Amino acid sequence: MRGERPVAAPKARGGGAAGWSARHPWWVLVTALGLGALLAFAALGAPARLSNGGYIAHGTEATRVENVLTQRFDAGIPDLVLHARADGPVTGTEAAAAGREFARQVARRPGVRQVLSYWTVGDARLLSEDGHAALVTVDLHGDEHATARRAATLVPRLTGRHGPLRVTATGPAWVMVQATELSGHELVRAELIGVPLAVLVLLFAFGSLTAALLPALVGGLAVAGTFAVLRPLTALLPVSAFASNITTALGFGLAVDYGLFVVTRYREELAAGADPGRAVIRTMRTAGRTVSYSAATVVVCLSALLLFPQGFLRSLAVAGVSVVVLAAATTALVLPALLSVVGTRIDRGDVFAPLRRARRGDGTSPWHRAARAATARPVLSGGCAVLFLATLALPFAHVRFGVADERVLPERVESHATAVTVERDFDLPWNRTLTVLLPEVDAVDQEAELDAYARRVSALPTVDRVSTGLGAYDDGRLTEGPRVGSLAHITQGATWLAVTGSGTPEQDERLVEELRALPSPGPHLVGGRPARVLDTKDAVFAALPKAAAVVIGGVLLLLFLFTGSVLIPVKAVLMGVMSLTASFGAMVHVFQDGHLRGLLGDFTVTGELETSMPVLVFGAAFALSVDYELFLVSRIQEEYRASGDHRGAVVNGVARTGKMITTASVIFAVALLPLVASEITLLKLIGCGLATAVLVDATVVRGVLVPAFMRLTGHANWWAPRPLAVLHRRLGADRWHVPPPRPADVPAARHLTADGRPYEAAGLDSGRASREGPP
């Protein structure tokens with residue numbers, strides 16, 4: 001269109017909100033600009049108010065134990081562990097005096113509930129093996145979010161040089177603080193790297209800078225709106241600091257994808273001969289309708305995360321739903337106004353236009369050839385695709401789940417480095433000790449029964465030591481009498497035991513089950529980090545059936561409303577599950593087993609996956625899988641309506657959408673690139689998992705498996721039982737249902753527009769429309 005005079009969009013009628021937006025573009029754009037600036041200003045304080053944590057399920061037996069220990073015994077897992085090292089023995093006169101004074105200073109700080117140190121309680125486990133370091137454990141007031149806020153102001157004043165002592169910190173509260181700070185730095189990097197890379201991909205796909213910038217603008221508005229939404233959310237519920245990183249990638253990627261689909265269809269309508277006004281209306285009736293169904297699908301999938309007990313997943317569900325709604329709203333309202341203003345200038349400066357025109361209609365694009373090969377030998381092609389996906393999924397068979405700790409941070413970060421030092425130099429497995437709470441056992445009146453129970457517990461094969469108010473037990477024998485600190489195990493009418501395991505983390509979790517099954521003098525509860533991990537996994541697995549029912553039921557309903565078919569929704573669910581299991585297998589192979597660390601950047605291999613990560617990846621990636629299914633099936637449906645040739649419709653549908661879907665998946669993967677490059681293992685895992693899922697789905701599943709399946713199932717793809725077909729018509733979606741045409745109807749229905757009218761009736765050249773390929 002170089003050299004042509006720009007054509008303004010005429011005042012086309014109809015089209016609903018999109019049509020109104022196209023008829024009043026400047027009102028919409030000025031309002032959007034002002035609203036965008038207001039949202040950006042409102043979002044300034046959002047990152048500072050975000051929190052971390054939320055990986056543990058609340059309301060479980062383990063969390064009840066922790067609450068009782070805190071309220072009745074002033075005990076539990078310490079929020080902070082301070083490592084104090086001297087050049088010489090910390091038992092020396094000068095170091096010991098400095099240690100006692102340091103412990104007193106810590107105890108006087110606001111928000112500190114309890115302080116224990118080697119110099120005050122004399123516990124040998126708080127002294128390093130070489131005698132040159134000692135530990136100070138600190139309990140803070142409040143829940144995990146309150147303790148993190150207190151740690152953020154407290155730890156910088158406690159670490160560093162204190163006389164002869166050099167102090168560093170670790171513990172759950174400080175891990176949360178440092179993870180939040182690091183995620184904030186990486187968010188800035190995401191904005192500086194991800195957005196320009198996405199624009200470059202769009203420029204390569206479109207050729208025109210104008211066309212490339214439109215989806216990027218939609219993505220920018222969606223992200224600004226999301227940050228503004230996060231700020232009030234932080235006043236209502238704890239929102240994970242990682243929500244900023246994840247929703248920025250998810251929202252920008254989705255918004256750009258939606259913009260890509262709409263702009264691609266708009267250019268196609270212009271190429272078919274429509275004027276800009278009609279092209280906008282027709283585009284929003286087809287691609288715009290698909291975007292709305294896609295957004296509804298993503299909302300359903302992310303909303304299922306609200307059924308899980310972890311605050312991390314719930315906060316991401318709320319943030320994710322917000323960004324998807326904003327992306328869809330921006331696409332439906334702002335993008336039509338932009339297209340109306342741009343008009344035919346959308347291809348101005350398109351350096352790739354001659355190349356694209358030379359390739360139109362020749363049927364030699366890679367997507368066209370792949371679709372023809374898949375439909376020519378559907379059993380062979382589909383079987384090879386299934387075998388490939390099954391091979392990728394194979395490592396998921398030996399998956400092991402855990403809960404996030406300091407190992408999600410780089411080893412150079414203080415909380416991680418100090419934790420490694422404590423684990424190496426001290427005989428204090430503070431993060432592996434189990435707590436057995438006996439809420440109705442009086443250690444004085446029932447001393448004999450408590451002694452017998454402690455002996456039975458210490459005799460278990462994977463128990464190393466049992467500490468009680470009566471002393472310490474090992475191998476069924478009392479090996480040490482009461483000492484300073486033992487009274488902390490006893491209160492009026494209740495007591496508790498500290499049980500240290502001697503096995504692997506998996507054996508510690510089995511030990512939890514053994515202790516819960518072992519008879520005791522009275523009712524007993526088991527807590528501690530291994531119990532928290534086990535209870536969290538059980539809570540997640542218990543919520544899975546309900547969440548799966550919501551996701552699958554919602555997707556089946558939305559796809560039925562979209563297509564009027566019974567088979568296509570079922571096929572979409574099966575294909576989505578297959579591509580996701582392949583992604584899960586890759587996650588296990590890389591992050592649990594430790595392969596490809598040189599390619600993805602160094603990270604700590606824990607031998608397990610964080611329990612909530614596959615759930616989060618499933619919700620987002622399954623929604624994206626259905627997203628691509630919608631755009632592919634809608635185009636196949638149009639082609640089938642125009643020609644009645646089922647195989648030709650599948651081939652042409654894949655050929656026309658293949659480049660668009662592949663580009664969309666690459667853009668989404670590029671938007672995830674800052675997560676993949678993150679130093680936080682959780683973010684790296686999410687980025688890799690989602691990127692693998694969308695790339696595999698856009699290529700292997702959409703390019704091979706779906707056309708092979710639809711070739712085998714033939715006209716049954718568009719069938720629905722009579723009652724459902726009647727319901728589909730009553731819901732107002734019958735004009736999109738595509739029944740198999742009779743042979744006599746095929747010539748008359750060969751050249752139809754997206755809204756079902758002949759090209760000649762729409763003032764278009766049907767010959768040109770049949771020859772032209774996608775832009």
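What you see is a predicted model, and the numbers here were worked out from it, not measured in a lab.
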Criterion side-chain contact (heavy atoms from CB on, under 4.5 Å) on Val256 and Phe252, from CA distance to verdict: CA-CA 6 Å; Val256 171; Phe252 185 77; 3.7 Å; yes

Step-by-step side-chain contact (heavy atoms from CB on, under 4.5 Å) determination, Val262 to Met284: CA-CA 7 Å; Val262 170; Met284 299 311 295; 3.9 Å; yes

side-chain contact (heavy atoms from CB on, under 4.5 Å) between Val651 and Glu639, intermediate numbers included: CA-CA 9 Å; Val651 172; Glu639 294 289 335; over 6 Å; no

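Under the 30°/60° scheme for interplanar angles, the aromatic rings of Tyr640 and Trp718 are found to lie parallel. The aromatic rings of Phe541 and Phe401 lie perpendicular to each other, with more than 60° between the two planes, well past the 30° mark. The aromatic rings of Phe584 and Phe618 sit tilted relative to each other, their planes meeting at an angle between 30° and 60°.
Within the 4.5 Å cutoff, side-chain heavy atoms of Val263 are placed close to those of Pro215. Within the 4.5 Å cutoff, the side chain of Leu389 has heavy atoms near those of the Val701 side chain. Side-chain contact between Ser625 and Arg702: present, with at least one pair of heavy atoms (C-beta onward) separated by less than 4.5 Å. At a threshold of 4.5 Å between non-hydrogen side-chain atoms, the residues Tyr258 and Leu254 count as touching. Two residues are said to be in side-chain contact when any heavy atoms from C-beta on lie closer than 4.5 Å; His589 and Leu394 fail this criterion. Within the 4.5 Å cutoff, no side-chain heavy atoms of Gln310 are placed close to those of Val615. The shortest distance between side-chain heavy atoms of Val633 and Leu559 does not fall below 4.5 Å. Looking at Arg635 and Arg265, their side chains come closer than 4.5 Å, going by heavy atoms from C-beta outward.
Between the OG atom in Ser665 and the CG atom in Asp627 there is a gap of 11.0 Å [rounded to 0.5 Å]. Taking OG1 of Thr283 as the start and CD of Glu269 as the end, the distance is 5.0 Å to the nearest 0.5 Å. To the nearest 0.5 Å, atom CZ of residue Phe396 and atom CG of residue Leu580 are 10.0 Å apart. The distance from the CZ atom of Phe261 to the CZ atom of Phe631 is 4.5 Å, given to the nearest 0.5 Å.
Closest non-hydrogen pair, Ser565 versus Phe560, comes out as O-CD1, 3.5 Å.
Side chain of Thr375 to main chain of Ala708: no donor-acceptor pair is present (N/O by atom type, distance under 3.5 Å, no hydrogens or angles). Side-chain atoms of Asp593 do not come within 3.5 Å of backbone N or O of Val590 as any donor-acceptor pair.
Ion pairing between Glu638 and Arg289 fails under the 4.0 Å rule for side-chain N and carboxylate O.
None of Thr662, Thr699, Thr657 except one satisfies the side-chain hydrogen bond (donor to acceptor under 3.5 Å, both in side chains) rule with Trp367; the exception is Thr662.
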